[in-house]
There are 2 protein chains.
Amino acid sequence: MAVSERGPRERMVFSAAQLIRRHGVGATGMREVAVHAGAPRGSLQHYFPGGKEQLVNEAVAWAGRYAGRRVARFMEGMAEPTPGGLFAAMVRQWTDEYETAGLLAGCPVAAATVDCADATESTREAAAGAFATWTAPVAGALTDMGVPTERAEPLATLMISSLEGALLIARAERDTRALTTVAGELAPMLDAVATGAACS
Amino acid sequence: MAVSERGPRERMVFSAAQLIRRHGVGATGMREVAVHAGAPRGSLQHYFPGGKEQLVNEAVAWAGRYAGRRVARFMEGMAEPTPGGLFAAMVRQWTDEYETAGLLAGCPVAAATVDCADATESTREAAAGAFATWTAPVAGALTDMGVPTERAEPLATLMISSLEGALLIARAERDTRALTTVAGELAPMLDAVATGAACS
DNA sequence: CGGCTACTATGACCACGGTCATAGACGGCC
DNA sequence: GGCCGTCTATGACCGTGGTCATAGTAGCCG
């Protein structure tokens, strides 16, 4: 996964994100993270003196940056970009993963929110930050495609919400049905908005 | 919360759902459930010999039935029901809770999915079942409002996905912004579809 | 070489939590 | 009353997991 030659610290953050999105925060152990990253257990307390909380927060932030960066990739990959096309690409990343991996893991930010939002303030803030650093590029892409500025961020929030929710249902059903359905329904609506079609 | 006079068993299921949606499955202890339900600890193993797994599964199923039943209430409460109006009502239930409770808990089904989808098959199935028993009444309501039958279930999935995702973001941000935004954006789109407006 | 810093390595502590085992209380029914 | 099923009550076991403490290793600099 193109992670081979990063420092051990980044590998641990990456591994934490991977494990969290599969098993949730509570069920992910520090020892487990170390093993998954191929890193010594002692390095955890060395790089993350803040303990599990710090590790989780960094994993969440990492996931947010990753998701944000993907948006630019999706835009580059489209001949004639449209809002619906961008959304379809965002969804396809997940359906593709299901095809290849055979199993659908979740979003680490979602997992952190569900598990920590009420208990750990800093993690809640990290999750909010991650959503923000994900929403911004989406909204930016929308404006680049001609969506009015004041609609861009609301629509970006709608897109991410639908994706996260569909991902949840897809995991429960062990089936990409919800993801493809949401893409099939929402994408045309987004394009209709962008072309200024009659909505409201 | 109108739970006062139910049997102790149902109270425990209810309490489990409440605690799960706040702290997640992993962080919710059996002892904690018993205390919250005002029930003796020994009753847990008596009513739920299947242990925590059984309790969680029943809590998830209960939440699914509850959500499904709410749909009928929402329909009754609307003078001239529209898909967008139904969605707005579904969202409002959550924003109202935030106003009154001051804190936004999540959806127990979402929490169970995030925490157990990969580890506990039965819970994953319970979550899938819960989404199904929630989606069905929504789709039924849509058809009653004139939405073509083949579009009803996909749109219901879109509605629930958006709601779940927005709820996630709202929890992370400790703000109903995402919920109101999604309602404001998606509701008109849904009505446009229902009235057969130009979308795709 | 001595010492310092960065990192690795492991064992131990301790709290938490799910489960089991056992036994006590209540209430109906023969 | 004596019996039994339902429910309540509580203590104990044991695995798990986060954290702390303590060394050990490697490399650099003076």
Side-chain angles (χ1 to χ4, degrees), chain A residues 5-60 108 111-112 114-116 118-123 126, chain B residues 3-60 108 111-112 114-116 118-123 126:
Chain A
E5 287 321 317
R6 301 212 187 282
R9 193 181 193 284
E10 191 170 352
R11 280 211 318 275
M12 284 187 272
V13 173
F14 177 82
S15 290
Q18 295 293 329
L19 294 172
I20 287 170
R21 74 199 201 101
R22 279 175 180 74
H23 314 307
V25 173
T28 298
M30 299 285 275
R31 293 165 169 85
E32 195 183 355
V33 171
V35 171
H36 185 274
R41 216 183 80 210
S43 297
L44 277 173
Q45 77 172 296
H46 182 255
Y47 288 114
F48 307 94
K52 189 176 188 178
E53 186 174 334
Q54 181 186 357
L55 178 60
V56 170
N57 293 357
E58 293 202 23
V60 167
V114 165
D115 281 348
C116 312
D118 271 29
T120 316
E121 256 293 298
S122 68
T123 304
Chain B
V3 207
S4 40
E5 287 321 318
R6 301 212 187 282
R9 192 180 194 284
E10 191 170 352
R11 280 212 318 275
M12 283 188 273
V13 173
F14 177 81
S15 290
Q18 294 294 329
L19 294 172
I20 287 170
R21 76 200 200 100
R22 278 176 182 72
H23 315 306
V25 173
T28 298
M30 299 285 275
R31 292 166 169 84
E32 195 184 355
V33 171
V35 171
H36 185 274
R41 217 182 79 210
S43 298
L44 277 172
Q45 78 172 297
H46 181 256
Y47 289 114
F48 308 94
K52 189 176 189 179
E53 185 174 335
Q54 182 186 357
L55 178 60
V56 170
N57 293 356
E58 294 201 23
V60 167
V114 165
D115 281 348
C116 311
D118 271 29
T120 315
E121 256 293 297
S122 68
T123 304

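All values below come from the heavy atoms of this structure, side chains included, with hydrogens, waters and symmetry mates left out. Note that this is a predicted model, so its numbers are computed, not measured. Protein chains get the first letters and strands the later ones, always in sequence-line order, with residue 1 at the start of each.
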Seminar exercise, completed: Closest of C/dG18, D/dT22, D/dA9 to the B/Pro40 side chain is D/dA9
Exercise. Contact class for A/Gly29 (heavy atom, under 4.0 Å): base, sugar-phosphate, or nothing?
Worked result: sugar-phosphate
Exercise. Side chains of A/Glu53 and A/Thr120: is there a donor and an acceptor less than 3.5 Å apart?
Worked result: no
Exercise. Given that B/Glu32 and A/Arg41 both sit by DNA chain C, which one's nearest nucleotide is further toward the 5' end?
Worked result: A/Arg41
Exercise. Would you call B/Met12 and B/Phe48 a side-chain contact if the rule is heavy atoms closer than 4.5 Å?
Worked result: yes
Seminar exercise, completed: A/His46 has its side chain closest, among D/dT6, D/dG18, C/dT8, to C/dT8
Problem set entry | Rounded distance in Å - CZ (A/Phe48) to C1' (D/dT19) | 16 Å
Exercise. How is A/Gly42 classified with respect to the nucleic acid when contacts are heavy atoms under 4.0 Å: base, sugar-phosphate, or nothing?
Worked result: base
Problem set entry | Between P of C/dA6 and CZ of A/Arg9, the distance in whole Å | 14 Å
Exercise. Less than 4.0 Å between a side-chain N and a carboxylate O, is that true for B/Arg9 and B/Glu58?
Worked result: yes
Exercise. How close or far is atom C1' of C/dT19 from atom OH of B/Tyr47, stated in whole angstroms?
Worked result: 19 Å
Exercise. Which whole-number value in Å describes the distance from B/Leu19 CG to C/dG18 P?
Worked result: 11 Å
Problem set entry | Over all atoms of both residues, closest heavy-atom pair of A/Val60 and A/Ala112 | CG2-CB, 3.5 Å
For this session: Nearest whole angstrom, please: distance from the C1' of C/dG17 to the CD of B/Gln45.
Result: 15 Å
Exercise. To the nearest angstrom, how far is B/Arg31 atom CZ from D/dT10 atom P?
Worked result: 13 Å
Exercise. Given side chains that start at C-beta, do those of A/Val13 and A/Tyr47 come closer than 4.5 Å, heavy atoms only?
Worked result: no
Exercise. D/dC7 phosphate, OP1 or OP2: any side-chain N/O from B/Ser43 under 4.0 angstrom?
Worked result: no
Exercise. Starting at CG of B/Leu44 and ending at P of C/dG17, how long is that distance when rounded to a whole Å?
Worked result: 14 Å
Exercise. Between atom CE in A/Met12 and atom P in C/dA9, what is the gap in whole Å?
Worked result: 11 Å
